[in-house]
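Taking it in order: structure first as C-alpha cells, then the write-up.
All values below were derived from every heavy atom in this structure, side-chain atoms included, with hydrogens, water molecules and symmetry-related copies excluded. Letters A, B, ... mirror the listed sequences (proteins, then strands); counts begin at 1.
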There are 2 protein chains.
Amino acid sequence: MAHSPKRKLFLDLVRAVFRINGLLLADGDRMAEGVGLTSARWKVIGVIALSNSGMTVPGIARALGQSRQAVQRITDVMEVDGLVSYANNPRHKRSVLVQLTDQGQQVYHALRTVQDPWAIGLTDDVPVEELAGALRLLQRLIFRMEKP
Amino acid sequence: MAHSPKRKLFLDLVRAVFRINGLLLADGDRMAEGVGLTSARWKVIGVIALSNSGMTVPGIARALGQSRQAVQRITDVMEVDGLVSYANNPRHKRSVLVQLTDQGQQVYHALRTVQDPWAIGLTDDVPVEELAGALRLLQRLIFRMEKP
DNA sequence: CTCAGGCTGACTGCATGTTGTCAATCGACC
DNA sequence: GGTCGATTGACAACATGCAGTCAGCCTGAG
C-alpha cells in the first residue's frame with residue numbers, strides 16, 4: 001500500500017498539474033503580451049466579459065477561486081490602463097461593478113483571435129472524450145478539496 | 001468552430017488546472033506547516049530525496065520545470081534552516097551539490113506520513129484507469145507545450 | 001427602528017515565481 | 001593549449017498569490 005500504483009499515479013498527476021500550470025502561464029503571457037496584457041489579467045477579463053452588467057471584485061474572485069485582494073490589485077491596474085471601469089452598483093453602495101471599457105472589449109477580442117488557434121493546435125489530435133474525462137476527474141478532485 | 005465543444009472543454013480544463021493548482025498549494029501548505037515547511041519546499045525536498053548523492057540547483061530546477069533562481073532561493077533558506085547542506089561537487093567547482101541533512105530526512109519522512117493519507121483520501125473512489133487517463137492527457141499537453 | 005454579523009475596500013507583509021544581467025567556470029572543439 | 005558557447009551563481013526588478021487587519025457599509029433578525 002505504501003507504494004500502491006494509485007498513490008504514485010496521483011502524485012505524478014500532482015506534479016503534472018504543477019508543471020502544466022507553469023507552462024500555461026508562460027504560454028498565456030506570451031500570447032497576451034501582444035496586446036499588452038498578462039496571464040492574470042486575461043483570466044480576470046475573461047470572467048468580466050462573460051457577465052452582462054459587470055461584476056464586483058469579490059464576485060470575480062469567487063468565480064476564479066482566488067482571493068479578492070489578488071483580483072482587486074489587478075482590476076486597479078487595468079482601470080489605470082483603461083481596460084476596465086468602475087460603475088456604481090445599484091445593489092451595493094460601496095462594492096462597485098467592474099465593467100469592460102471599449103478598449104477592454106477590443107483587447108478581449110484580440111486575445112480570442114490568438115487564443116483560439118492556440119487551443120485548437122494543442123488539442124488537435126486529442127479525442128474529445130479524453131478531454132472530457134480528464135476535466136471530469138479534475139473537477140471531481142476540486143470539489144473534494146473545496147469541501148473539507 | 002468558434003464555439004466548438006472541444007474548445008470549450010479545453011478552456012474549462014485550463015481553468016480547472018489553475019484552480020486545482022491553487023488548491024494543491026493550499027493543501028500542501030496546510031500539511032507542511034506541521035513540520036515547518038511550505039509547498040514549495042517539499043517540492044524541492046522531494047526531488048533531492050529521490051537522488052542518491054545530491055543534486056545541483058539547476059538540476060533540481062530542471063526536474064521541477066522551474067527557473068533555477070526560484071530553486072536557489074528556496075535551497076538557500078533551507079540551508080539556513082538546517083534542512084539541506086551544500087557539498088562540494090567533484091564534477092564542477094562552482095556548482096555545489098544540495099543534500100538532505102539528517103533533519104531534512106526526518107522532515108521528509110514526517111511529510112510522507114501526512115501526505116500519504118491525504119493522497120489516498122482524495123482518490124478513494126476514483127478508478128485507477130481514470131487517474132491514468134488524465135495523467136496521460138496532461139503529460140501529452142505538457143510535451144506539446146515544452147517543444148515549441 | 002436597532003443592532004449584530006457579514007461583506008467590502010484599502011493596506012501591509014510575506015512567499016513564490018519569472019525574466020534579465022553580469023562575471024566566473026566548464027566543456028568541447030580546433 | 002587556446003577559444004568560444006553553455007552553464008552556473010549572485011543579484012535585482014517585477015508580477016502574482018495568500019493571509020491578516022481595520023474601518024465602513026449592508027442586510028436581516030428582533
Side-chain angles (χ1 to χ4, degrees), chain A residues 17-33 36-45 54-81 84 86-98 145-146, chain B residues 17-33 36-45 54-81 86-98 145:
Chain A
V17 168
F18 287 149
R19 183 80 192 95
I20 205 170
N21 180 73
L23 288 170
L24 285 174
L25 289 178
D27 268 30
D29 282 340
R30 207 175 317 131
M31 284 186 296
E33 79 178 347
L37 285 182
T38 61
S39 288
R41 294 181 197 181
W42 66 249
K43 283 197 232 174
V44 171
I45 284 191
M55 296 186 64
T56 66
V57 166
I60 300 170
R62 280 188 293 264
L64 289 174
Q66 288 184 344
S67 71
R68 60 197 172 86
Q69 292 92 331
V71 174
Q72 181 77 59
R73 182 165 38 187
I74 288 171
T75 59
D76 284 348
V77 177
M78 289 200 296
E79 199 253 346
V80 172
D81 291 348
V84 302
Y86 293 136
N88 283 333
N89 184 352
R91 300 168 48 111
H92 198 297
K93 191 178 294 182
R94 289 188 66 202
S95 190
V96 296
L97 289 175
V98 186
M145 296 174 77
E146 278 178 341
Chain B
V17 167
F18 287 150
R19 183 81 192 93
I20 206 170
N21 180 72
L23 288 170
L24 285 174
L25 289 178
D27 268 30
D29 282 339
R30 205 174 319 131
M31 284 187 295
E33 81 178 345
L37 285 182
T38 61
S39 288
R41 294 181 198 181
W42 67 249
K43 283 197 233 173
V44 172
I45 284 192
M55 296 186 65
T56 66
V57 167
I60 299 169
R62 280 188 293 265
L64 290 174
Q66 288 183 342
S67 71
R68 61 200 169 81
Q69 290 89 335
V71 174
Q72 181 78 59
R73 183 166 38 187
I74 289 171
T75 58
D76 283 349
V77 177
M78 289 201 295
E79 198 252 347
V80 172
D81 291 348
Y86 293 136
N88 283 333
N89 184 351
R91 300 169 47 110
H92 197 298
K93 191 177 295 182
R94 290 186 66 202
S95 190
V96 297
L97 290 175
V98 185
M145 296 175 76

For B:D29 and C:dA15, give me the distance from atom CG to atom P, rounded to whole Å. 11 Å
Need one value for A:I74: base, sugar-phosphate or nothing, where a base atom within 4.0 Å counts as base even if backbone is also close, heavy atoms only. sugar-phosphate
I'd like to check the side chain to side chain donor-acceptor pair (under 3.5 Å) partners of B:D27; sequence neighbours left out, ordered by chain and number. B:R30, B:W118
Tell me which nucleotide among D:dT8, C:dG9, D:dG17 gets nearest to the side chain of A:R73. D:dG17
What distance do A:Q72 atom CD and A:I74 atom CD1 have between them, rounded to the nearest 0.5 Å? 10.5 Å
When rounded to whole Å, the NZ to C1' distance for the pair B:K43 and C:dT16 reads 9 Å
When every nucleotide of nucleotides 20-27 of chain C is labelled 5' to 3' by its protein contacts under 4.0 Å (heavy atoms), B for base, S for sugar-phosphate only, - for none, what sequence of letters results? BB--BSSS
For residues 18-25 of chain A, please give each side-chain donor-acceptor pair under 3.5 Å, one per line with the distance, not counting sequence neighbours.
unit_1 : atom_1 : unit_2 : atom_2 : d
A:R19  : NE     : B:E146 : OE2    : 3.0
A:R19  : NH1    : B:G65  : O      : 3.1
A:R19  : NH2    : B:E146 : OE2    : 3.2

I need the CD-P distance between B:E33 and C:dC14, as an integer number of Å. 17 Å
Side chain to side chain contact (heavy atoms under 4.5 Å, CB included) with A:V44: of A:M78, A:M55, A:Q66, only one passes, and it is A:M78
Whole angstrom is fine here: how far is it from CG in A:L23 over to C1' in C:dT18? 13 Å
Partner set under side-chain contact (heavy atoms from CB on, under 4.5 Å) for B:A63, not counting sequence neighbours: B:V47
Kindly say if B:R30 contacts the phosphate of D:dC18, meaning a side-chain N or O under 4.0 Å from OP1 or OP2. no
To the nearest angstrom, the CG-C1' distance between B:N21 and D:dC18 comes to 13 Å
In whole angstroms, how far is the P atom of D:dA10 from the CD atom of B:E79? 11 Å
Checking A:D81 now: which residues fulfil salt bridge (charged side-chain N to carboxylate O under 4.0 Å, His left out) with it, not counting sequence neighbours? A:R41
Minimum-distance nucleotide (side-chain atoms of A:P58 versus C:dT18, C:dT8, C:dA10): C:dT8
May I ask you to evaluate whether A:S95 reaches the phosphate of C:dC7, defined as a side-chain N or O under 4.0 Å from OP1 or OP2? no
Pairwise 5' ranking along DNA chain C for A:V96 and A:G22, keeping only the more 5' one: A:V96
So, using side chain to side chain donor-acceptor pair (under 3.5 Å) as the criterion, who are the partners of B:Q69 when residues are at least two apart? none
Students should find that the end-to-end axis angle of the helix from C:dC1-D:dG30 to C:dC30-D:dG1, with five pairs defining each axis and rounding to 10 degrees, is 30°
Once rounded to the nearest 0.5 Å, what's the spacing between atom OG1 of B:T75 and atom CD1 of B:I60? 6.5 Å
For A:T56, what residues pass the side-chain contact (heavy atoms from CB on, under 4.5 Å) criterion, not counting sequence neighbours? A:P58, A:N89, A:S95, A:L97
Report the distance from atom CH2 of B:W42 to atom P of C:dA15, rounded to the nearest whole Å. 18 Å
Rounding to an integer number of Å, can you tell me how far B:Y86 OH sits from D:dT8 P? 15 Å
Under 4.0 Å, heavy atoms only, any strand: does B:T38 hit a base, just the sugar-phosphate, or nothing? sugar-phosphate
Can you tell me if B:D29 uses its side chain to pair, donor with acceptor, with the backbone of B:S39 under 3.5 Å? yes
With heavy atoms under 4.0 Å as the rule, sort B:A70 into base, sugar-phosphate or nothing. base
